[in-house]
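No hydrogens, no waters, no symmetry mates; every other heavy atom, side chains included, goes into these values.
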Amino acid sequence: MLPTCTEDGHYEDVVYCTLCLSELNREEVIVPALGHEPGDPVHENEVAPTFTEEGHYDEVVYCTVCHAELSRETVSTGRLPFEGTITWNANDVKFKGTTAYVIANGKAQTPRFTLKDKNGNVINPANYDYEYRENTKAGTGYVFVTLKGDYTGQCRGNFKIYLPATTETTVENAAHGIYLTWKPVTGAAGYVIYRRAWSSTTNGWTDFVRWNNTTDLYWTDTNVYAGTRYQYGIKAYFARRTDPMTGVQIGGNVGDNYNLGEVGPLKTTVRITTRDLNTLVAGNAQITANWSGAGIFTGYQIKYATNAQFTKNVKTVKIANPKTYSTALKSLQNGTTYYVAVRSYHIFNGMTYFGQWSNVLCVKPGSGMIVSPTHYRALLIGNNNYSSSPLYGCINDVNAMSGMLNRLSMPYTGTVVKNARRETIISQIRSTFAGATDSDVSLFYYSGHGVNAGGSGVNQGALVGTDGGFVTMKELAAELSKFRGRVIVILDSCHSGASIGKSDNTIDALDAFNREVIEAFSGYELETGDTAYSAKSGELKQSKFIVLTAASMSQSSFDGSFDGSGYRQGAFTAAIVKGMGFAYPNGGYAVPLCFPADTNGDRKVTLKELYTYTYNTAYNWTYNSGSPQRAQYYGNDSEVVFSR
């Protein structure tokens with residue numbers, strides 16, 4: 001009998017005689033059972049898993065020979081991993097298309113959500129835990145959900161965090177273009193200014209400006225055309241960084257960062273060029289105003305008042321004819337000073353848009369006077385070529401000052417003189433400022449050697465011609481005092497805030513210069529008359545001089561490359577031109593038509609504001625010298641406007 005998997009086999013072993021064939025011996029032999037041959041496991045009784053119920057199956061092993069069941073084990077397959085979606089609560093988020101977003105406010109953002117399975121069934125919150133991550137700064141916020149209870153698995157949802165929209169945006173016409181201002185956005189690394197223009201060929205967003213500046217929140221669009229309507233929007237963006245959840249760089253580029261801020265309110269205006277008020281003619285109880293007119297607009301608006309701030313007895317007159325360039329303001333009080341300005345307006349699609357107010361003129365009715373606008377003259381002297389101790393930054397200084405003055409709205413007529421001898425300095429003063437009237441402004445600027453002797457003396461602080469001749473402070477003040485009107489003096493020389501690096505900074509020498517400036521320039525008063533500078537009854541007359549220098553006690557004076565261009569300039573002059581937004585030697589504006597020195601944001605830079613900015617900037621640039629440079633200011637009237 002043959003053996004099987006489980007039973008032994010057997011047979012009889014018999015011995016016979018070979019001759020007679022008689023059985024000699026018989027013995028039974030046992031053959032052991034073969035044993036089972038296990039086959040591969042097979043699955044039986046399978047039950048598919050669900051999101052809420054575990055699946056299972058029987059894992060069975062059979063013998064490949066006898067097919068007997070050798071083993072059976074029930075194996076659990078668990079529940080299905082969660083497949084579902086996160087739906088954000090519409091009361092907690094906003095949507096751009098299908099993208100959910102919230103607005104950053106410096107706090108953790110935790111918008112509510114609903115969790116659904118892939119079949120759209122809402123999952124009870126008791127069946128999951130969740131955690132928000134990266135949900136404070138602008139970028140992408142995340143929620144991580146871990147299923148529990150009747151469910152298992154994880155899922156993740158995300159939402160965008162936008163920077164807030166800019167607020168209090170203003171758009172108005174200015175002398176050089178359209179002027180924009182806006183309020184800062186917390187967390188912004190900069191701003192994008194969008195613009196679109198309506199014309200016969202365009203009617204869409206045509207360009208934008210990236211504004212990598214979070215301090216000076218104003219900009220002038222100079223690429224505009226009279227009569228064209230423009231609309232602007234401003235959006236904040238955040239600094240470039242790595243998203244820790246994805247490892248992807250976000251922010252700081254033209255792609256994603258502009259989409260992670262909200263555009264502030266769109267503002268619209270029409271470009272209207274600034275008018276000039278040419279003359280005021282004082283008649284009996286009336287003033288005739290004459291102005292220049294040109295461009296595409298509807299008419300003019302004239303305002304007049306009895307104070308320069310236009311807050312007392314203010315009246316306006318509308319001229320609805322763009323070809324009318326003169327009008328009479330009647331029923332005025334003889335002997336009372338009236339201040340007058342004019343601007344254009346344009347009506348477009350039922351909306352009225354205004355240009356910038358013109359220059360202001362003032363006159364008294366009954367005086368018979370004819371008042372014209374202020375004339376601005378500038379003499380800029382820079383001396384490098386001395387036979388001994390030549391200088392290297394002074395020509396750059398006058399070039400920078402000239403470039404800056406040419407771009408200001410105050411129309412300075414500049415005369416540049418390089419490497420002037422003593423007599424040339426005197427003769428140029430006399431010829432440049434000849435003809436100045438009470439309402440005019442004369443600017444004298446000098447960059448070069450100043451007398452370096454310590455102690456006091458008649459020559460202390462004198463300007464040095466390239467021939468070695470001196471122009472003392474008293475001589476300079478006497479020459480400039482011959483001309484009527486306001487005089488601005490800016491001295492960038494040794495012992496007057498020198499831009500050239502000189503080692504003599506003794507207290508005696510600098511004190512002597514300071515005293516010399518004050519004594520030389522304080523003796524001249526501004527004459528009274530029918531001008532905006534007239535002294536009021538009972539008040540001291542104003543000095544006709546405003547003086548800016550850089551000298552102070554116990555400090556050195558410096559030149560160098562303060563903008564990284566490699567061009568040598570005086571710290572004092574470089575700070576002045578930077579304060580007025582000019583970039584030298586590039587010939588453009590470092591911050592287009594924005595004036596960092598305009599600290600109160602009124603779009604006017606007074607000489608006191610310019611001094612304050614220059615003082616701080618030059619001081620910071622030279623701070624590490626151990627004897628930082630300190631500018632000086634002399635003059636009673638701190639509100640004299642240097643530029644608009």
Undergrad: Do any pairs count as a salt bridge (Lys or Arg N to Asp or Glu O under 4.0 Å) and have a residue in residues 613-623, sequence neighbours left out, and if so which ones?
TA: none
Undergrad: Would you please name every residue forming a side chain to side chain donor-acceptor pair (under 3.5 Å) with N290, sequence neighbours left out?
TA: T279, S326
Undergrad: Run the side chain to side chain donor-acceptor pair (under 3.5 Å) test against T181 and tell me which residues pass, sequence neighbours left out.
TA: T170
Undergrad: Are the side chains of I395 and N419 in touch, meaning some heavy atoms are under 4.5 Å apart?
TA: yes
Undergrad: Donor-acceptor pair, N173 side chain versus I272 backbone, under 3.5 Å?
TA: yes
Undergrad: Take a 6.0 Å sphere around CZ of R421 and say whether it holds more than 12 heavy atoms from other residues, nucleotides or ligands.
TA: no
Undergrad: Side-chain contact, heavy-atom cut-off 4.5 Å: L463 with I381?
TA: no
Undergrad: How would you list, by chain and number, every residue that makes a side chain to side chain donor-acceptor pair (under 3.5 Å) with S388, sequence neighbours excluded?
TA: none
Undergrad: Do you know which two heavy atoms are closest between F572 and L491, and how far apart they sit?
TA: CE2-O, 3.5 Å
Undergrad: Testing I426, T424, I425 one by one against Q428 for a side-chain contact (heavy atoms from CB on, under 4.5 Å), which residue passes?
TA: T424
Undergrad: Are any non-hydrogen side-chain atoms of R422 and E475 less than 4.5 angstrom apart?
TA: yes
Undergrad: Looking at L548 and I546, what are the two nearest heavy atoms and their distance?
TA: CD1-CG2, 4.0 Å
Undergrad: For the residue pair Y613 and V605, establish whether any side-chain heavy-atom pair is separated by less than 4.5 Å.
TA: no
Undergrad: Taking salt bridge (charged side-chain N to carboxylate O under 4.0 Å, His left out) as the test, write out the residues that go with R271, two or more places apart.
TA: none
Undergrad: Rounded to the nearest 0.5 Å, how far does OG1 of T374 lie from CG of L361?
TA: 7.0 Å
Undergrad: Checking S402 side chain against N399 main chain: does a donor-acceptor pair fall under 3.5 Å?
TA: no
Undergrad: So, does Y446 use its side chain to make a donor-acceptor pair with the main chain of V464 at under 3.5 Å?
TA: yes
Undergrad: Would you mind reporting whether Y338 and L280 have side-chain heavy atoms less than 4.5 Å apart?
TA: no
Undergrad: Is there a side-chain contact between I429 and F433 (heavy atoms, below 4.5 Å)?
TA: yes
Undergrad: V185 and Y191: which non-hydrogen atoms are nearest, and at how many Å?
TA: N-OH, 2.9 Å
Undergrad: Please report the C-alpha distance between Y230 and V270 in whole Å, then the side-chain angles of each, then the deciding distance to 0.1 Å, and finally whether the side chain to side chain contact (heavy atoms under 4.5 Å, CB included) criterion is met.
TA: CA-CA 6 Å; Y230 297 91; V270 172; over 6 Å; no
Undergrad: Any side-chain to backbone donor/acceptor pair from T220 onto G177? Under 3.5 Å, distance only.
TA: no
Undergrad: Only one of D440, V441, L443 forms a side-chain contact (heavy atoms from CB on, under 4.5 Å) with R377, so which one is it?
TA: D440
Undergrad: Output, in order, the C-alpha distance, side-chain angles, deciding distance and verdict of side chain to side chain contact (heavy atoms under 4.5 Å, CB included) for T612 and T599.
TA: CA-CA 9 Å; T612 301; T599 53; 5.6 Å; no
Undergrad: Any side-chain to backbone donor/acceptor pair from N359 onto L277? Under 3.5 Å, distance only.
TA: yes
Undergrad: Between the main-chain N or O of T573 and the side-chain N or O of D397, is there a donor-acceptor pair closer than 3.5 Å?
TA: no
Undergrad: Determine yes or no for a side-chain-to-main-chain donor-acceptor pair under 3.5 angstrom, with H449 supplying the side chain and S389 the backbone.
TA: yes
Undergrad: Under 3.5 Å, side chain of Y412 to main-chain N/O of M404, donor-acceptor pair present?
TA: no
Undergrad: For the residue pair D598 and Y218, confirm or rule out a side-chain donor-acceptor distance under 3.5 Å.
TA: no
Undergrad: When you compare the side chain of L476 with that of F444, does any pair of heavy atoms fall below 4.5 Å?
TA: yes
Undergrad: Given 3.5 Å as the limit, does a donor-acceptor pair link the side chain of D221 with the main chain of N223, or not?
TA: yes
Undergrad: Kindly give the heavy-atom pair with the smallest separation between A174 and Q356, and that separation in Å.
TA: C-OE1, 3.5 Å
Undergrad: Can you name the nearest heavy-atom pair linking A462 to F470, along with the distance?
TA: CB-CB, 3.9 Å
Undergrad: Tell me, yes or no, whether the heavy-atom count around K482 atom NZ, taken from other residues, nucleotides or ligands under 6.0 Å, exceeds 12.
TA: yes
Undergrad: Would you say N383's side chain and G465's backbone share a donor-acceptor pair under 3.5 angstrom?
TA: no
Undergrad: Which atoms form the tightest heavy-atom contact between T432 and A378, and what is the distance?
TA: CG2-O, 3.9 Å
Undergrad: Under the rule for side chain to side chain donor-acceptor pair (under 3.5 Å), what residues qualify as partners of R430, not counting sequence neighbours?
TA: E479
